[in-house]
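Okay, structure first, notes after.
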2 protein chains.
Amino acid sequence: MPHVIIVGCGFGGLAAARALAGAKVDITMIDRSNHHLFQPLLYQVATAGLSAPAISAPIRSILAEQRNVTSLMAAVADIDVARKTVVLEDGSEIAYDYLIVAAGSTHSYFGHDEWAPLAPGLKTLEDAFDIRRRILMAFEYAEREDDPVRRAEWLTFTVIGAGATGVEMAGTLIEIARHTLRGEFRRIDPHQANVVLLEGSDRVLAAFPPDLSEKARMQLVKLGVDVRTGSRVTGIDQECVRYTDRDGDQRLASRTVIWSAGVAASPLGKALNVPLDRAGRVPVGGELSIPGHPEVFVIGDLAAVTSEGKPVPGVSPAAKQMGRVAARNILAHIAGKAPQNFVYQDYGSLATIGRKAAVAMVGKLKFSGYPAWLFWLFIHVYFLIGFRNRLMVMTDWAWAYLTFKRSARVISSAIDTPPSKPRDEAPTS
Amino acid sequence: MPHVIIVGCGFGGLAAARALAGAKVDITMIDRSNHHLFQPLLYQVATAGLSAPAISAPIRSILAEQRNVTSLMAAVADIDVARKTVVLEDGSEIAYDYLIVAAGSTHSYFGHDEWAPLAPGLKTLEDAFDIRRRILMAFEYAEREDDPVRRAEWLTFTVIGAGATGVEMAGTLIEIARHTLRGEFRRIDPHQANVVLLEGSDRVLAAFPPDLSEKARMQLVKLGVDVRTGSRVTGIDQECVRYTDRDGDQRLASRTVIWSAGVAASPLGKALNVPLDRAGRVPVGGELSIPGHPEVFVIGDLAAVTSEGKPVPGVSPAAKQMGRVAARNILAHIAGKAPQNFVYQDYGSLATIGRKAAVAMVGKLKFSGYPAWLFWLFIHVYFLIGFRNRLMVMTDWAWAYLTFKRSARVISSAIDTPPSKPRDEAPTS
């Protein structure tokens, strides 16, 4: 039987595998980690609202019933399209007849990789644990700090980039400071924490129409977030973030910085030996395969594809749709039929901001505030893999909503950074 | 107001703090971590049954309402009983009028600390994550291993020490292999995994009467655990465990080893400058203070105390009772009254073994099997801190019980160990 290798078990890869259920193919699903991650809720893990298991499911268990799939937990080092083989990090090779590359994307620091340790991005569970730890530790350091200036630095949180993730992070950080931690400290008042959202462009949620961006900005400000658009970051160090806005160079004293500004396609795209676009994505035709290789498909965030003349956004519905089309085109190729072209079905856009705050756009319909938030809640819980996780998440959220408590406030390592000099150590811990 | 420092927010320290609620004292609760851990269920986190937040609660949030408590997340480096000060890792000092040392215990490798990286013990959340990772990765490596000998090594799990934790771990490991992972692998059959429980003495659960030990052993064997009593471990390396039994030296090929044999008191006991017992514990009088220092109390696993001529076991009920007595004796000392003597109230012993398998001893009443298991379940969920966690745990367990699924099967880091040479790297990852 034809051997199909799928690299990456994100939304796209998983959808492709499922679309091939029952088909006369052998599928090998290769992923670096042992779990499928429901990334849209990753910020909740980073902000101690959900536990990691609530938004991740073991790939083996998701695909256990699909007998034509073999799961392999391994990292792909290279792809040889000429020899039709995938090379793993340990040097072993696996031959394929069809390949679906769904390796996704990672952070981009716009050539400033030195910022990475100072301002972690949010892509994996480890990122989320790192950010959770930094946020919770910042309040601990602030409580211990005698110098009011340093204390203020610890109580200032900066989120760089006002896309969906940045807006979610900023909105949730404010909720933690104003509600979750209320009354738990004796020297500081967490309510005095500042959350600054820096955005280079002139509005938040640039993917939305201007009126919804404005609604989002207003909701952020209402929650207490200090929104600074038109602010281009020029430097980050342990104590501050430097940026330029219309008034010139600015210095923002802040010890906790979260990066949600740039996204770059997975470096695995380079292995395909085709010209990549500026974001490092692999340009593919409507049938989602690369030029000259009808057996090699690229989907999801790693793919640069247009639909009806418009570029397809890097969102999970698009990835799922591409996964299904790639699967169908593999079966078509096997059957000697013509491939189908990918047409992006845009079901709308949705961004949550905080408690009862969100913006939504479904077809021509735009709405915001509480209704949008409820809609967001429903959609996300609905699409979450597996009944079990839905149940967990709903329990957690019902609880969090009623009590303002957050259920995952665990720093899963005893402190290893002497409070005396957090300056040097905290951000790298 | 008198300043009371409590070192360690385990069962003993937390009980002491709560017993001082409303009292005219200032309390500083110092703990290395930001959470109180419900240790009796830690093995469930290690075996992917529960998420970390389900068994841990932020100390600040537990004590938020108790206004006379200030929580400090810090590591204690030293204690100067002469100057009545506690020295933190960063060198800063805090003076006390009364001190309660509840620093608990850690693993003891009986002078073989080189075994620690090869056979992790289970005391902290980090230990649990490490063990969870090793268990889940072992099946991954086995699935990828072509050599049947190496594969068998990966599928052999050894638990050293048949106390409560060792018995729980062994029973749960069998359940994972026989039920949880069923049908998820294509090359190996997890059902063929071996779980070996090595115990130096001649019976499991030595703290229980012989007839219950025998019942426990029978239940373990029924579940599929290979119980080997009278087996003294002499060596551990990457591929095997060496031990001696009545037939001489034995070699057990096994790549995943869990240590639950030895417990040693926290090294902080040394700081008190009093002679320690063989287990490193601090001998204290009936009033729980150290000789010559009626203001310094030692409680919980760190204390060596007798009640009615019998040594008090290192279990959570004893720690809680000591915490309350220490608190009362502090108030008595302030009021110029005589201290009360600690009398251990033994409510019985309870050990779970696996699904529907446990042994229990309440007063003269002994029972085992399903009833004991239900009793254990009830007791543990009941005593779990906070309604929220009880809810989470009950949801998780109801689910696990009905489906055999385990909800926390997340390896929270992408693989960093090339499958080609797990020998060198897996156990140290």
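Side chains are part of it too, since the values below use all heavy atoms of this structure and drop only hydrogens, waters and symmetry mates. Each chain gets a letter, A, B and so on, in the order its sequence line appears, and its residues count up from 1.
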Query - B:Arg144 (side chain) donor-acceptor with A:Met73 (main chain) under 3.5 angstrom - result: yes

Query raised in the report: In terms of heavy-atom proximity below 4.5 Å to chain A, should B:Leu136 be classed as side chain, backbone, both, or neither?
Result: side chain

Report task. Search all heavy atoms of A:Arg186 against all heavy atoms of B:Leu63 and return the closest pair with its distance. Result -> NH2-O, 3.3 Å

Query raised in the report: Heavy-atom distance under 4.5 Å to chain A: side chain of B:Thr124, backbone, both or neither?
Result: neither

Report task. Please state whether the side chain, the backbone, both or neither of A:Arg67 comes within less than 4.5 Å of a heavy atom of chain B. Result -> both

Query raised in the report: Between B:Glu143, B:Arg187, B:Glu140, which residue shows the highest count of heavy-atom pairs closer than 4.5 Å to chain A?
Result: B:Glu140

Query raised in the report: Is it true that a side-chain atom of A:Arg60 and a backbone atom of B:Gly183 form a donor plus acceptor pair closer than 3.5 Å?
Result: no

